[in-house]
Number of protein chains: 2
Amino acid sequence: MARTSVEAERREQIIQAACEVVSEIGFKSLRVADVAKRAQTSTGTVHYYFDTKRDLMHAAFEWNFNQSLERRRPLLESHAEPRDRLRAFVDSYLPRDPVTVTAWHVWAELWVEALHEPDLQELNENVYGEWRRVMAAIIRDGQDAGQFRDGDPVLLANALIGMIDGLALQVLLASHSMNVDRMKAVCDHVIAALES
Amino acid sequence: MARTSVEAERREQIIQAACEVVSEIGFKSLRVADVAKRAQTSTGTVHYYFDTKRDLMHAAFEWNFNQSLERRRPLLESHAEPRDRLRAFVDSYLPRDPVTVTAWHVWAELWVEALHEPDLQELNENVYGEWRRVMAAIIRDGQDAGQFRDGDPVLLANALIGMIDGLALQVLLASHSMNVDRMKAVCDHVIAALES
DNA sequence: CCGCATATTGACGCATCAGTCAACCACCGG
DNA sequence: CCGGTGGTTGACTGATGCGTCAATATGCGG
């Protein structure tokens with residue numbers, strides 16, 4: 001070995017830049033040169049690590065997913081009561097801080113891109129599957145603890161997740177009638193209905 | 001006038017073609033030539049009616065919205081009971097038949113495009129606003145008739161609509177764990193909870 | 001049947017980028 | 001200090017596709 005490898009950090013640096021650019025201007029408008037600039041490097045270097053723009057974006061989508069899981073791991077372990085865990089979990093998806101907003105933007109782009117790309121559908125399947133597993137587990141724990149009403153946990157998780165996705169989209173769209181606070185109100189109401 | 005105008009029908013023919021192409025391959029991959037071919041005309045003619053590709057797509061998004069409203073108008077008038085009206089209304093959004101699936105695809109593209117285009121955000125505001133108005137009205141009628149539980153109709157409408165949006169997206173993404181039947185099951189369950 | 005407005009066409013010009021490449025640089029081991 | 005691997009660069013190329021345009025067609029009124 002003639003040199004200590006910088007591959008890992010350079011790849012992440014470029015991927016993160018790609019996510020930021022996608023969030024700002026959208027996949028459709030994204031140029032490889034934009035990503036290079038944001039990552040403070042050149043298009044040549046971007047292509048040194050990613051053969052095609054498509055490869056780069058797939059890696060970015062995957063990274064965005066893993067980061068989201070990672071960020072929430074501590075949260076799931078820091079609330080003993082299922083009731084609190086559910087609220088904290090749902091709360092963490094409110095598009096409030098820049099990091100979460102960026103993650104949502106990238107997800108939205110993934111969805112639309114995946115409509116016509118089976119590879120990305122598989123990635124979405126993992127994202128959604130993991131999300132549903134976590135949510136269903138919290139609900140099941142809550143039911144066992146007598147904190148939540150009865151009902152198929154998976155079905156309830158799907159209902160909650162679907163609602164969060166749809167509401168977040170409207171918030172991101174700068175809808176006059178849907179903002180983070182209203183979204184929280186709707187989520188709180190639904191969770192309360194689950195508890196009572 | 002030297003000739004009877006064909007503008008109206010030609011515009012619609014092109015717009016409809018644009019929606020079909022967007023649904024099939026996505027906005028990002030859509031070429032003006034694709035739309036021309038699908039509309040059985042030439043790129044020159046497309047540009048005769050729409051100055052830019054952007055204009056064409058904005059018109060297409062708007063048309064998609066108006067058609068969706070139009071299609072559901074009879075449905076809303078043919079059910080005397082709010083209970084039945086809600087079920088029929090929600091049912092009509094299940095991505096089952098090709099027309100509905102295409103409409104959903106176009107909506108999804110609109111959302112993501114609108115994330116970076118204020119003009120389209122305004123259009124989304126109309127779509128979403130109208131949808132929420134209709135849904136909230138049904139819920140209010142149902143509450144007045146003693147068929148639905150109490151609760152802010154607008155908040156409940158937002159919850160339902162958000163959920164439908166999110167679930168439909170997953171169905172469209174050919175998710176293994178979310179298909180039309182499961183989506184219907186989730187919707188039915190939530191509506192039942194609203195009724196009891 | 002002529003004149004004119006409306007409509008249609010597709011080849012072309014021009015700008016935009018993804019991806020390539022040849023030159024060059026940085027670091028480490030020997 | 002030299003050789004080699006790993007890493008970086010940005011100018012360039014080839015392809016692509018939007019929008020233009022000049023030529024042409026179509027139908028109606030007079």
Side-chain angles (χ1 to χ4, degrees), chain A residues 1-63 106 109-110 112-113 116-117 119-120, chain B residues 1-61 109 112-113 116-117 119-120:
Chain A
M1 187 201 303
R3 234 178 128 174
T4 59
S5 178
V6 295
E7 179 169 348
E9 55 179 323
R10 188 73 70 252
R11 281 181 69 95
E12 179 157 10
Q13 175 187 1
I14 293 169
I15 285 173
Q16 188 170 354
C19 287
E20 289 169 11
V21 174
V22 163
S23 171
E24 277 171 23
I25 66 175
F27 189 8
K28 192 169 70 68
S29 310
L30 175 146
R31 315 283 163 240
V32 172
D34 297 331
V35 177
K37 195 174 181 184
R38 169 67 66 127
Q40 302 194 78
T41 179
S42 65
T43 60
T45 297
V46 172
H47 276 104
Y48 179 77
Y49 291 101
F50 302 93
D51 284 354
T52 66
K53 182 180 167 181
R54 191 172 167 280
D55 287 349
L56 167 60
M57 288 313 304
H58 282 229
F61 286 139
E62 196 159 8
W63 183 83
V106 177
E109 298 280 346
L110 163 65
V112 168
E113 196 58 20
H116 310 101
E117 282 223 32
D119 285 2
L120 291 178
Chain B
M1 188 200 304
R3 226 178 136 174
T4 58
S5 177
V6 296
E7 180 169 347
E9 53 179 325
R10 188 71 71 252
R11 279 181 69 94
E12 179 157 9
Q13 176 188 1
I14 292 168
I15 285 172
Q16 188 170 356
C19 286
E20 289 169 11
V21 175
V22 164
S23 170
E24 277 171 23
I25 65 174
F27 189 7
K28 194 168 69 70
S29 310
L30 176 146
R31 314 282 162 240
V32 173
D34 297 331
V35 177
K37 194 173 182 184
R38 168 66 64 125
Q40 301 194 78
T41 180
S42 65
T43 61
T45 296
V46 172
H47 275 105
Y48 179 77
Y49 291 100
F50 302 93
D51 284 354
T52 65
K53 181 181 169 181
R54 191 173 167 279
D55 287 349
L56 167 59
M57 287 315 304
H58 281 227
F61 287 139
E109 299 279 346
V112 168
E113 195 58 17
H116 313 285
E117 282 224 33
D119 286 2
L120 290 179

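Chain letters run A, B, ... following the sequence lines, proteins first and then strands; every chain starts at 1. Everything numeric in this text was worked out from a predicted model, so none of it was measured. Heavy-atom basis, side chains included; hydrogens, waters and symmetry copies ignored.
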Using whole Å, what does the distance between atom [atom2] of nucleotide [N] and atom [atom1] of [X] come to?
{"X": "A:D55", "N": "C:dA18", "atom1": "CG", "atom2": "C1'", "result": "12 Å"}
{"X": "B:R31", "N": "D:dG17", "atom1": "CZ", "atom2": "P", "result": "4 Å"}
{"X": "A:K28", "N": "D:dG17", "atom1": "NZ", "atom2": "P", "result": "13 Å"}
{"X": "A:K37", "N": "D:dG10", "atom1": "NZ", "atom2": "C1'", "result": "15 Å"}
{"X": "A:I25", "N": "C:dT16", "atom1": "CD1", "atom2": "P", "result": "14 Å"}

Please list, by residue number, the residues of residues 7-20 of chain B whose heavy atoms come closer than 4.0 Å to an atom of DNA chain C; answer none if no residue qualifies.
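Within residues 7-20 of chain B, the residues near DNA chain C are B:E7, B:R10.
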
Does [X] put a side-chain nitrogen or oxygen below 4.0 Å from OP1 or OP2 of [N]?
{"X": "A:T45", "N": "D:dT9", "result": "yes"}
{"X": "B:Y48", "N": "C:dT8", "result": "no"}
{"X": "B:S5", "N": "C:dA7", "result": "yes"}
{"X": "A:Y49", "N": "D:dT8", "result": "yes"}

So what does B:F50 touch, heavy atoms closer than 4.0 Å: a base, only the sugar-phosphate, or nothing?
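Since no nucleic acid heavy atom lies under 4.0 Å of B:F50, the category is nothing.
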
Counting the atoms with a prime plus P, OP1 and OP2 as sugar-phosphate, which does A:L56 contact under 4.0 Å by heavy atoms, base, sugar-phosphate, or nothing?
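Result for A:L56 = nothing.
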
Looking at D:dT9, C:dA18, C:dT8, which one has an atom nearest to any side-chain atom of A:S42?
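Selected nucleotide (nearest to the side chain): D:dT9.
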
Candidates C:dT9, D:dG7, D:dT9 - which lies nearest the side chain of B:T41
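Looking only at side-chain atoms, B:T41 lies closest to C:dT9.
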
Just one of B:Q16, B:R11, B:R10 clears the side-chain hydrogen bond (donor to acceptor under 3.5 Å, both in side chains) bar with B:Q13, so which one?
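Running side-chain hydrogen bond (donor to acceptor under 3.5 Å, both in side chains) over B:Q16, B:R11, B:R10 with B:Q13 returns exactly one hit, B:R10.
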
Side chain to side chain, B:V22 and B:C19, heavy atoms closer than 4.5 Å
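Counting from C-beta outward, B:V22 and B:C19 never come under 4.5 Å.
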
Would you say A:K53 and A:L30 make side-chain contact, with heavy atoms under 4.5 Å?
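Yes, close enough: below the 4.5 Å cut-off.
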
In Å and rounded to the nearest 0.5 Å, what is the [atom1] to [atom2] distance from [X] to [Y]?
{"X": "B:S23", "Y": "B:E20", "atom1": "OG", "atom2": "CD", "result": "8.5 Å"}
{"X": "A:R38", "Y": "A:E24", "atom1": "CZ", "atom2": "CD", "result": "4.0 Å"}
{"X": "A:Y48", "Y": "A:I14", "atom1": "OH", "atom2": "CD1", "result": "11.0 Å"}
{"X": "A:E12", "Y": "A:Y49", "atom1": "CD", "atom2": "OH", "result": "13.0 Å"}
{"X": "B:H47", "Y": "B:D55", "atom1": "NE2", "atom2": "CG", "result": "9.0 Å"}

Nucleotides 19-24 of chain D: protein proximity per nucleotide (B base, S sugar-phosphate only, - neither; heavy atom, under 4.0 Å)
BB----

Assess whether side chain to side chain contact (heavy atoms under 4.5 Å, CB included) is satisfied between B:F50 and B:M57, documenting all intermediate values.
CA-CA 9 Å; B:F50 302 93; B:M57 287 315 304; over 6 Å; no

